[in-house]
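Sequence lines set the chain letters: A, B, ... in the order given, protein chains first and strands last, and positions in each chain run from 1.
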There are 2 protein chains.
Amino acid sequence: MDIRTLCLGILSLGEATGYEIKKMVTEGRFSFFSEASFGSIYPALTQMTGEGLVACRTEAQGNRPDKKVYSLTDAGRAYLEEQLAEAPRPDRNRSDFLAALLFAEAVSPERIEDLIIERVSLHDEQIALLKAHLKDEQGTVSRFVLEYGLAMQQAARRFLAENRARLTAQPDKRTG
Amino acid sequence: MDIRTLCLGILSLGEATGYEIKKMVTEGRFSFFSEASFGSIYPALTQMTGEGLVACRTEAQGNRPDKKVYSLTDAGRAYLEEQLAEAPRPDRNRSDFLAALLFAEAVSPERIEDLIIERVSLHDEQIALLKAHLKDEQGTVSRFVLEYGLAMQQAARRFLAENRARLTAQPDKRTG
DNA sequence: GAACACATGTAAGAAGTTACATGATTAT
DNA sequence: ATAATCATGTAACTTCTTACATGTGTTC
């Protein structure tokens, strides 16, 4: 999903500034399955304002730079709908972790155990975070999404915990 | 994981040509968690040959362009080890599917059911593929990686199947 | 005879990140 | 006083994909 669609999607849930969008994708409800930087968000919003996909209302506020509050237009809503309808190419399961595991075997097998341990605690962090977010979340779909994330993290953690022994059981080091 | 590291990693498992690497990442054992195009693989290999990270042996073959068989050098192995040791930043769980679900709620709620159905059959495809690959795979770590992928696909499918009703139970459409 | 597998490579362009520029306010 | 939060924006750069260029042999 490109930044434009992501921004439109977020705006479909309510108006927001570029700054707020950034916060949502890095810390908020969207941080679990997306990412974006200022350098892509601001230009995207400016561009889409020019195209009439979003509307921009400026709120003056004393000292700080004026707030630019964006909202979805009808054209933007239609465009978003088009984007979401497009061939949903499968999310690539890109995983540096799995690649690292596979390559570690050839290069530094003694690191495999570390990799798995690190990974398990990473899952624990994510699980805690997701549970915290779940407490605040009311929307049916939003909760579904968080619970989906939670289920995945738990499944991964469980698999690693249960199967770790197979990889880390060191081949007997005694000679003969 | 950038293309360079990916290529080095694949070469750590045995020598290969650029063409073969491309096949492995698009159809083969690596297709489940990585991707790369010719336009990135070939330049990466040429560059790394210049840097001494890989060695290149040319195999003439009649009519076709000469095969360039690459293999990892000691420097390359060391470099790869460094890369794998680096702060394992968490695989981002970027998911267009989840984003689409969330946004569909606001824009075309009637599509939510379709999205989930499409997704479930996508998981079924992946599960079948992974099982097929598992039959041929002998290496302990390789099997582990495939089984991990399988477990994730199955967990996702199960979650969707079990929880689908919560989202697709249409709010009663009768008036009054 | 059309399309695909083999085999390498380049150039143009997309899409994004990082780092900078600016500057007040508030918390530690 | 030092850092973080708020708030926007731009320019340089990285990284990768897409599409092209070239050509044979094999399969449908």
Side-chain angles (χ1 to χ4, degrees), chain A residues 1-8 10-11 15-28 30-31 33-51 54 56-70 83 86-87 89-90 92 94 96 99, chain B residues 1-8 10-11 15-28 30-31 33-51 54 56-70 83 86-87 89-90 92 94 96 99:
Chain A
M1 178 165 299
D2 62 18
I3 300 289
R4 288 165 57 97
T5 312
L6 183 61
C7 288
L8 290 177
I10 290 174
L11 292 177
E15 54 173 36
T17 67
Y19 188 84
E20 286 164 351
I21 292 177
K22 163 72 168 152
K23 266 191 76 173
M24 290 187 231
V25 290
T26 37
E27 305 161 38
F30 303 98
S31 59
F33 54 87
S34 64
E35 53 191 337
S37 65
F38 283 130
S40 55
I41 293 172
Y42 284 127
L45 290 172
T46 308
Q47 197 189 44
M48 293 194 294
T49 306
E51 294 170 20
V54 299
C56 176
R57 166 168 58 81
T58 301
E59 259 178 33
Q61 31 169 33
N63 312 339
R64 316 207 162 155
D66 292 352
K67 240 189 213 178
K68 291 190 173 181
V69 183
Y70 293 92
Q83 293 299 310
E86 268 189 14
R89 40 178 143 54
R92 270 289 183 182
R94 275 163 158 285
D96 284 2
Chain B
M1 180 165 299
D2 63 18
I3 300 289
R4 288 165 58 96
T5 311
L6 183 62
C7 288
L8 290 178
I10 290 174
L11 293 177
E15 53 174 38
T17 67
Y19 189 84
E20 286 163 352
I21 291 177
K22 162 76 168 152
K23 268 191 73 175
M24 289 186 233
V25 289
T26 37
E27 304 162 40
F30 303 98
S31 58
F33 53 87
S34 64
E35 54 191 336
S37 67
F38 282 130
S40 56
I41 292 171
Y42 283 128
L45 290 172
T46 308
Q47 196 188 44
M48 293 194 293
T49 306
E51 295 170 21
V54 299
C56 176
R57 167 168 56 82
T58 301
E59 259 178 34
Q61 34 170 29
N63 311 341
R64 313 208 165 154
D66 293 351
K67 239 189 215 179
K68 291 192 173 178
V69 184
Y70 292 92
Q83 292 298 310
E86 267 189 13
R89 41 181 144 56
R92 270 287 183 186
R94 274 164 158 283
D96 284 2

For atom CZ of B:Arg57 and atom P of C:dT8, their distance in whole Å: 12 Å
Minimum-distance pair of heavy atoms, taken over all atoms of A:Met24 and A:Ala16: CE-CB, 3.9 Å
Is there a donor-acceptor pair closer than 3.5 Å between any side-chain N or O of A:Thr5 and the backbone N or O of A:Met1? no
Kindly calculate the angle separating the two end axes of the helix from C:dG1-D:dC28 to C:dT28-D:dA1, each obtained from five base pairs, and round it to 10 degrees. 40°
Rounded to the nearest Å, what distance is computed from the OH atom of residue A:Tyr42 to the P atom of nucleotide C:dT22? 17 Å
Got a second to check how far B:Thr17's OG1 is from B:Asp66's CG, nearest 0.5 Å? 12.5 Å
Can you give the donor-acceptor pairs under 3.5 Å from side chains of residues 39-48 of chain A to other protein atoms, not counting sequence neighbours?
{"from": "A:Ser40", "atom 1": "OG", "to": "A:Ser37", "atom 2": "N", "distance (Å)": "3.4"}
{"from": "A:Ser40", "atom 1": "OG", "to": "A:Ser37", "atom 2": "O", "distance (Å)": "2.9"}
{"from": "A:Thr46", "atom 1": "OG1", "to": "A:Tyr42", "atom 2": "O", "distance (Å)": "2.9"}
{"from": "A:Gln47", "atom 1": "OE1", "to": "A:Arg4", "atom 2": "NH1", "distance (Å)": "2.6"}

If the test is side-chain contact (heavy atoms from CB on, under 4.5 Å), which one of A:Ser31, A:Ser34, A:Cys7 qualifies with A:Val25? A:Ser34
Please list each protein N or O that sits under 3.5 Å from an N or O in nucleotides 14-17 of chain C, with the distance.
{"from": "C:dG16", "atom 1": "OP1", "to": "A:Ile3", "atom 2": "N", "distance (Å)": "3.1"}
{"from": "C:dT17", "atom 1": "OP2", "to": "A:Ser37", "atom 2": "N", "distance (Å)": "3.2"}
{"from": "C:dT17", "atom 1": "OP2", "to": "A:Ser37", "atom 2": "OG", "distance (Å)": "2.7"}
{"from": "C:dT17", "atom 1": "OP2", "to": "A:Ser40", "atom 2": "OG", "distance (Å)": "2.9"}

Which residues pass the salt bridge (Lys or Arg N to Asp or Glu O under 4.0 Å) test with A:Arg57, sequence neighbours left out? A:Glu15, A:Glu59
B:Asp96 side, atom CG; A:Glu86 side, atom CD - distance, nearest 0.5 Å: 11.0 Å
Rounded to whole Å, CG of B:Asp66 lies from P of C:dC6 at a distance of 18 Å
Mind checking B:Lys23 for me? I need base, sugar-phosphate or nothing, with any heavy atom below 4.0 Å counting as a touch. sugar-phosphate
Can you tell me how far the CG atom of A:Leu6 sits from the CG atom of A:Leu11, to the nearest 0.5 Å? 9.5 Å
Could you list the residues that satisfy salt bridge (Lys or Arg N to Asp or Glu O under 4.0 Å) with A:Glu27, not counting sequence neighbours? none
First locate atom CG of A:Asp2, then atom CD of A:Gln83, and finally report the distance between them rounded to the nearest 0.5 Å. 6.0 Å
Please find the earliest and latest nucleotides of DNA chain D, in the 5' to 3' direction, that have an atom within less than 4.0 Å of any heavy atom of chain B. D:dC16 to D:dG25
When rounded to the nearest 0.5 Å, the distance separating OG1 of A:Thr26 from CZ of A:Phe38 is 7.0 Å
Taken to the nearest whole Å, CD/B:Gln61 to P/C:dT8 is 8 Å
Between C:dT25 (C1') and A:Tyr19 (OH): distance, integer Å: 12 Å
